[in-house]
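Note that the coordinates shown come from a computational prediction; the quantities given were computed from them, not determined experimentally. Note that ligands are numbered from 1 as they come in the structure, with each ligand's atoms numbered from 1 the same way. Worth knowing before you read on, the calculation uses all heavy atoms, side chains too, and leaves out hydrogens, waters and symmetry mates.
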Amino acid sequence: MKLYGTMEIGPNGHLYIGGCDAVELAKQWGTPLYVMDEAEIRRRAKAYKQVLAENYPDSRVIYAGKTFMTTAMCRIMEEEGLGLDVVSGGELYTAIAAGFPTENIYLHGNNKSEAELEMALEHRVGRIVVDNLYELETLERLASARKEKVQILLRVTPGVEAHTHSYIRTGQIDSKFGFGLENGLAKEAVERALQLQYVELIGLHCHIGSQILGLDSFDVTIEVMLDFVAKLKAELKWECRELSLGGGLGIRYTAKDEEVSIEEFGTRIANKLKSEAEKLSLDLPTLVVEPGRSIAGEAGTTLYTVGSIKEIPGIRKYVAVDGGMGDNPRVALYQAEYQALLANRANEPATDVVSIAGKCCESGDMLIWDLKVPEPKSGDILAVFCTGAYNYSMASNYNRLPRPAVVLVKDGNADLIVKRETYEDLVRLDTVPARLASKKMKIAL
Ligand SMILES: *Cc1c(COP(=O)(O)O)cnc(C)c1O
């Protein structure tokens, strides 16, 4: 089985991540537990920076915070010289709390509130990626009230739909995001933005999907976007100075996923952009990429403790763990597939086939179907791989399960970066109207 990042199997047969024994981590911090491999996060951030520095120096790497964002993660991204893409006031607040340089922040979202836009202006974020005309007009109004210019990109829907291994080109794309190219809305939006006084249109943005392993879809996107850039130059005399291709590079969750490296991705898009720009006699724009999953995904592992085991003879063995869709909703949401091993018996041959169930009151709360493992016993520690992206950030308190802690491991050290929620946290925001109050209540009114 493929191990990720700094993982290795120790002489004691235990899984080690960042030099830390996963069984000890589970003992010390409890389970479920998210473990983030700092060296792997940094390696991937550096890989993006380096491949673009070599192939397209005028570029920026902006980490997509929605993937996995905490104050410590913001600190790591800043240390690695990446910018940050945020999609809400809450993400922006987290970045500000971490002292992240706001000029390197891009604000996204298809329905930013006025309060979020105000917050972005107040803190002078680097770019606002405008999604629709309502937002464009609101932003002009807010910026003019402040008498301060704001630099924007317009989000374009290029009509390229990426699937994991390929793409389709659609005409009128059906998406809640951005301005469509085919229907002329994108051009109209550019024209409108150019009339505005306080909004300064710097460039264009697109994002064609996520978990993309077929690089051909990025080639097509670059062709479509540069054709549009050439058209805008010819017809409106407007030059696109910055082009963001969004995120989307996939990772290898299981052996079914092809391995596509950050180096291959970076070289491919840089070369394609250069050759298309040359073909169309365009000046090279600043290139922006917004990777999320491909930075955090493989760096994360979730540790669980095995509890009840139920065998239905001739059908299936259910092995239940102490987490599930509350800490990892991706299986229920997208039929995502994961690999896992028993962290305390990582050397033993996988002689059993079991299905890993969560503890939520939903039949759909399954983590893995048909996993090969040594015959599991209650008390074993199950390590599920590649949970660094869209797990912690999508976690909920469904069934009033407290959300797990997150530890950052590196060189044999483990640091807590998010505390485990407590039962008190679960009732902390509850209030009780006086007519329902009772002396028996254990919470303060
Ligand atoms: C989600 C998102 C990303 C990151 O996508 P990944 O597939 O995780 O790399 C980047 N940009 C935008 C606008 C997004 O919505």
Side-chain angles (χ1 to χ4, degrees), residues 36 41 44-45 47-49 51-52 59-69 73 77 82-88 90-92 95 104-112 116 120 125-132 135 152-158 160-165 167 173 175-179 203-215 217-218 221 225 242-253 257-258 260-262 264-266 268-269 287-300 329-330 333-334 336 386-394:
M36 296 299 292
I41 294 170
R44 287 170 166 270
Y48 268 107
K49 293 282 288 184
V51 68
L52 291 182
S59 56
R60 306 176 88 171
V61 184
I62 309 287
Y63 171 66
K66 72 174 194 264
T67 314
F68 172 82
M69 192 189 200
M73 186 66 172
M77 291 298 111
L82 272 65
L84 200 59
D85 140 6
V86 302
V87 297
S88 69
E91 287 190 357
L92 180 55
N104 294 333
I105 295 179
Y106 284 50
L107 176 65
H108 279 274
N110 71 306
N111 189 24
K112 304 173 188 78
E116 287 171 326
V125 305
R127 299 274 187 276
I128 296 182
V129 183
V130 173
D131 186 275
N132 52 72
E135 181 186 342
I152 69 159
L153 305 181
L154 286 179
R155 177 158 182 171
V156 170
T157 313
V160 180
E161 218 176 295
H163 295 272
T164 304
H165 294 280
Y167 67 89
I173 196 168
S175 165
K176 74 166 182 174
F177 293 109
F179 298 98
L204 302 174
H205 171 280
C206 62
H207 172 73
I208 56 167
S210 203
Q211 185 52 20
I212 301 166
L213 296 169
L215 296 181
S217 33
F218 292 105
T221 304
M225 291 299 287
E242 185 171 310
L243 178 65
S244 173
L245 296 175
L249 177 62
I251 61 170
R252 195 160 190 236
Y253 284 100
D257 298 321
E258 213 180 305
V260 183
S261 70
I262 291 167
E264 278 171 83
F265 168 78
R268 178 90 165 243
I269 60 165
L287 167 63
V288 179
V289 289
E290 299 172 338
R293 189 190 311 271
S294 53
I295 288 185
E298 291 190 13
R330 294 190 65 257
L333 270 178
Y334 318 116
C386 296
T387 60
Y390 308 110
N391 272 232
Y392 168 71
S393 63
M394 285 187 163

List every atom of ligand 1 that sits less than 4.0 Å from any heavy atom of [X], numbering the atoms from 1 in the order shown and giving each element.
X	answer
Gly247	9 (O), 10 (C), 11 (N)
Ala64	3 (C), 4 (C), 10 (C)
Arg293	6 (P), 8 (O), 9 (O)
Arg155	13 (C)
Glu290	3 (C), 4 (C), 9 (O), 10 (C), 11 (N), 12 (C), 13 (C)

Does an N or O from [X], backbone or side chain, lie closer than 3.5 Å to an N or O of ligand 1?
X	value
Gly246	no
Ser294	no
Gly248	yes
His205	no

Are any non-hydrogen side-chain atoms of [X] and [Y] less than 4.5 angstrom apart?
X	Y	value
Val61	Pro291	yes
Glu116	Ser88	yes
Glu242	Leu153	yes

What part of [X], side chain, backbone, both or neither, has a heavy atom within less than 4.0 angstrom of ligand 1?
X	result
His207	side chain
Asp85	side chain
Ser210	both
His108	side chain

Checking Tyr106 now: which residues fulfil ring-ring contact (aromatic ring centres under 6.0 Å, His included) with it, not counting sequence neighbours?
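Here no residue qualifies.
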Kindly write out the residues that satisfy ring-ring contact (aromatic ring centres under 6.0 Å, His included) with His207, not counting sequence neighbours, or none if the list is empty.
none
Ignoring hydrogens and geometry beyond distance, is a side-chain donor-acceptor pair present between Arg293 and Tyr253 at under 3.5 Å?
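Yes, Tyr253 and Arg293 have a side-chain donor paired with an acceptor closer than 3.5 Å.
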Report the nearest protein non-hydrogen atom to atom 1 (C) of ligand 1: residue, atom name, distance rounded to 0.1 Å.
Lys66 NZ, 1.3 Å
Quick one: is the NZ or CZ of Arg155 closer than 6.0 Å to the six-membered ring centre of Phe177, and within 45° of its axis?
yes
Please walk me through it: do Phe179 and Leu154 pass side-chain contact (heavy atoms from CB on, under 4.5 Å)?
CA-CA 8 Å; Phe179 298 98; Leu154 286 179; 3.8 Å; yes
So how far is it from Glu290 CD to Leu84 CG, rounded to the nearest 0.5 Å?
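The distance works out to 10.5 Å.
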Give a yes/no verdict on whether any heavy atom in Tyr390 is under 4.0 Å from an atom of ligand 1.
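It does; at least one heavy atom falls under 4.0 Å.
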Determine whether Met73 and Met36 satisfy the following criterion, side-chain contact (heavy atoms from CB on, under 4.5 Å), listing intermediate values before the conclusion.
CA-CA 10 Å; Met73 186 66 172; Met36 296 299 292; 5.5 Å; no
